[in-house]
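Hydrogens, waters and symmetry mates are skipped; everything else that's a heavy atom, side chains included, is used. Reminder, nothing fancy here: chain letters follow the sequence lines and each chain counts from 1.
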Protein chains: 2
Amino acid sequence: MPKRVDHGERRKLIADALMRVAAERGLEAVSLRHVAAEAGVSSGMVQHYFRTKDEMMTFALAVVRERSEARVTRAVAALGDDPSPRTLLRTMLAELLPLDEARQADGRVALAFLAYTAVRPEVAAGLHRETAELLAFIAGQIRAAQAAGAAQARVDPGRAAVALLAVMEGLGVYLLGGHYPPETALAALDAQLDLLLGAAPPAQRGRAVPPRRPPKP
Amino acid sequence: MPKRVDHGERRKLIADALMRVAAERGLEAVSLRHVAAEAGVSSGMVQHYFRTKDEMMTFALAVVRERSEARVTRAVAALGDDPSPRTLLRTMLAELLPLDEARQADGRVALAFLAYTAVRPEVAAGLHRETAELLAFIAGQIRAAQAAGAAQARVDPGRAAVALLAVMEGLGVYLLGGHYPPETALAALDAQLDLLLGAAPPAQRGRAVPPRRPPKP
DNA sequence: GCGTTTACGTTGCAACTGCAATGCAAACGG
DNA sequence: CCGTTTGCATTGCAGTTGCAACGTAAACGC
């Protein structure tokens with residue numbers, strides 16, 4: 001049977017198991033054996049695909065990032081051709097918020113990794129590039145809104161972009177901590193966009209609220 | 001020699017060592033023996049003052065929170081009698097940002113604890129109360145600014161407070177990740193306050209920037 | 001056919017973990 | 001003076017960790 005396996009697929013399978021463990025019991029519960037058990041494979045196999053634990057962690061981190069990026073591009077693509085800057089920004093940022101259980105799990109993992117990379121700075125290089133790109137994009141959208149007359153022209157797009165992205169990140173953190181419900185976060189995000197770009201078109205308000213799962217029986 | 005010791009003092013000494021370990025090597029490196037070694041005591045003594053590791057962690061978390069609270073009240077007290085809402089908010093939030101090494105260390109610990117409590121929700125109750133109080137206070141300040149005519153009257157103080165606190169938290173996270181320098185974070189914070197309360201009095205701008213330590217030799 | 005490579009599974013090990021148990025000396029209460 | 005309490009150090013233990021080593025069986029190259 002050997003030789004017929006897709007290397008990347010196996011690695012992703014293992015990384016998925018890792019994230020399930022991390023989301024449920026925290027990053028410190030991630031061990032070779034736990035991950036292997038969660039994935040339903042032997043710990044030898046995990047070692048076969050990741051020579052070291054750190055390699056596994058780094059790969060898993062990349063998977064989380066790719067997944068959230070895919071989510072965003074998918075949501076943005078669903079908007080159709082050139083949506084308004086406001087719609088675009090709101091869709092992107094709301095998509096990045098941990099509003100349902102899937103994104104909450106991812107968010108927990110991302111948060112844990114954040115704390116992880118805060119001590120291991122050499123892993124964080126990819127993250128830096130990503131935020132820089134995001135910031136540039138957001139700033140561009142704000143500029144576009146200003147050019148269209150939809151936004152206060154006096155605000156510096158660069159600083160506003162930093163603040164806007166920070167709002168999203170902060171809301172995510174507080175959501176993960178359970179400090180307030182998703183609606184509060186979305187309301188605050190909309191308020192921020194109002195502040196930046198002027199009042200919203202009413203049809204836009206309150207959309208994209210995720211379905212609340214009923215409490216577990 | 002026994003009997004002559006201040007219980008709380010010892011616990012704080014141990015908690016300090018814990019935070020040094022956590023700040024340097026991450027929360028997962030926090031073990032009874034490491035903390036004891038860092039504190040320069042025997043691991044038996046650590047066990048004497050904290051019957052379980054979780055008790056030690058919880059205590060340390062409380063210490064971080066108290067310390068940052070003390071920092072804020074101290075900075076606010078230094079402002080003199082009834083400062084303007086804007087000055088008050090800016091001082092508070094800037095003080096909570098990890099702008100120098102001491103606060104960065106605290107911030108790393110806080111971030112790690114955040115990830116820790118995201119999986120252990122029963123520890124997070126104290127945090128919820130604290131954010132609720134903070135939010136109420138911030139909303140009150142915004143309302144006061146509105147009443148004084150210094151702010152846009154149309155913004156909802158509650159939502160603006162959530163957004164403002166989220167900005168601070170998000171900026172802190174990105175700072176800890178080293179995604180941008182302190183000046184960028186402060187600029188974004190000021191931009192946010194501008195957006196909320198109107199342009200700042202020029203004397204205020206750019207103050208409270210921490211001294212940049214020269215790179216280590 | 002046969003060596004090589006790939007894909008695992010198993011075992012073992014040294015290091016580390018939290019924690020209980022025990023020991024002991026100093027202060028204090030009586 | 002003596003038992004008790006307090007403050008701490010040492011030791012031990014069962015469990016877990018990352019990882020190396022080894023074994024094996026199947027596909028492939030020749």
Visitor: List the residues meeting salt bridge (charged side-chain N to carboxylate O under 4.0 Å, His left out) with B/Arg129, not counting sequence neighbours, and say none if there are none.
Guide: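 Listed in chain order: B/Glu133.
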Visitor: Let me know the distance between NE2 of A/His48 and C1' of C/dC8, rounded to the nearest Å.
Guide: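 Distance, rounded to whole Å: 6 Å.
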Visitor: Separation of B/Glu55 atom CD from C/dG18 atom P, in whole Å?
Guide: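 From B/Glu55 CD to C/dG18 P: 14 Å.
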Visitor: I need the OH-P distance between A/Tyr49 and C/dT6, as an integer number of Å.
Guide: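 Interatomic distance, OH of A/Tyr49 to P of C/dT6: 12 Å.
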Visitor: Expressed as a whole number of angstroms, how long is the span from A/His7:NE2 to C/dC8:C1'?
Guide: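 The answer, rounded to whole Å, is 11 Å.
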Visitor: State which residues pass salt bridge (charged side-chain N to carboxylate O under 4.0 Å, His left out) with A/Arg71; sequence neighbours excluded, sorted by chain then number.
Guide: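 Result, salt bridge (charged side-chain N to carboxylate O under 4.0 Å, His left out) vs A/Arg71: A/Asp106.
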Visitor: Looking at B/Tyr180, is its backbone amide N or carbonyl O close enough to the side chain of B/Thr184 to form a donor-acceptor pair, meaning the two atoms are under 3.5 Å apart?
Guide: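 Not a single qualifying donor-acceptor pair exists.
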Visitor: What does nucleotides 17-22 of chain D look like as a protein-contact string, B for base, S for sugar-phosphate only, - for none, at under 4.0 angstrom between heavy atoms?
Guide: BBBB--
Visitor: Mind checking what makes salt bridge (charged side-chain N to carboxylate O under 4.0 Å, His left out) contact with B/Glu69, not counting sequence neighbours?
Guide: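 Applying salt bridge (charged side-chain N to carboxylate O under 4.0 Å, His left out) to B/Glu69 gives none.
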Visitor: I need the full list of salt bridge (charged side-chain N to carboxylate O under 4.0 Å, His left out) pairs touching residues 40-49 of chain B, with sequence neighbours left out, sorted by first then second residue.
Guide: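 For residues 40-49 of chain B: none.
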Visitor: Take the protein atom CD of A/Glu9 and the nucleotide atom P of C/dT6, then report the distance between them rounded to whole Å.
Guide: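 Taking atom P of C/dT6 as the reference, CD of A/Glu9 is at 19 Å.
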Visitor: Tell me, please, which residues at least two apart from A/Thr52 pass side chain to side chain contact (heavy atoms under 4.5 Å, CB included).
Guide: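 Partners of A/Thr52 by the side chain to side chain contact (heavy atoms under 4.5 Å, CB included) criterion, ordered by chain and then number, come out as A/Asp54, A/Glu55.
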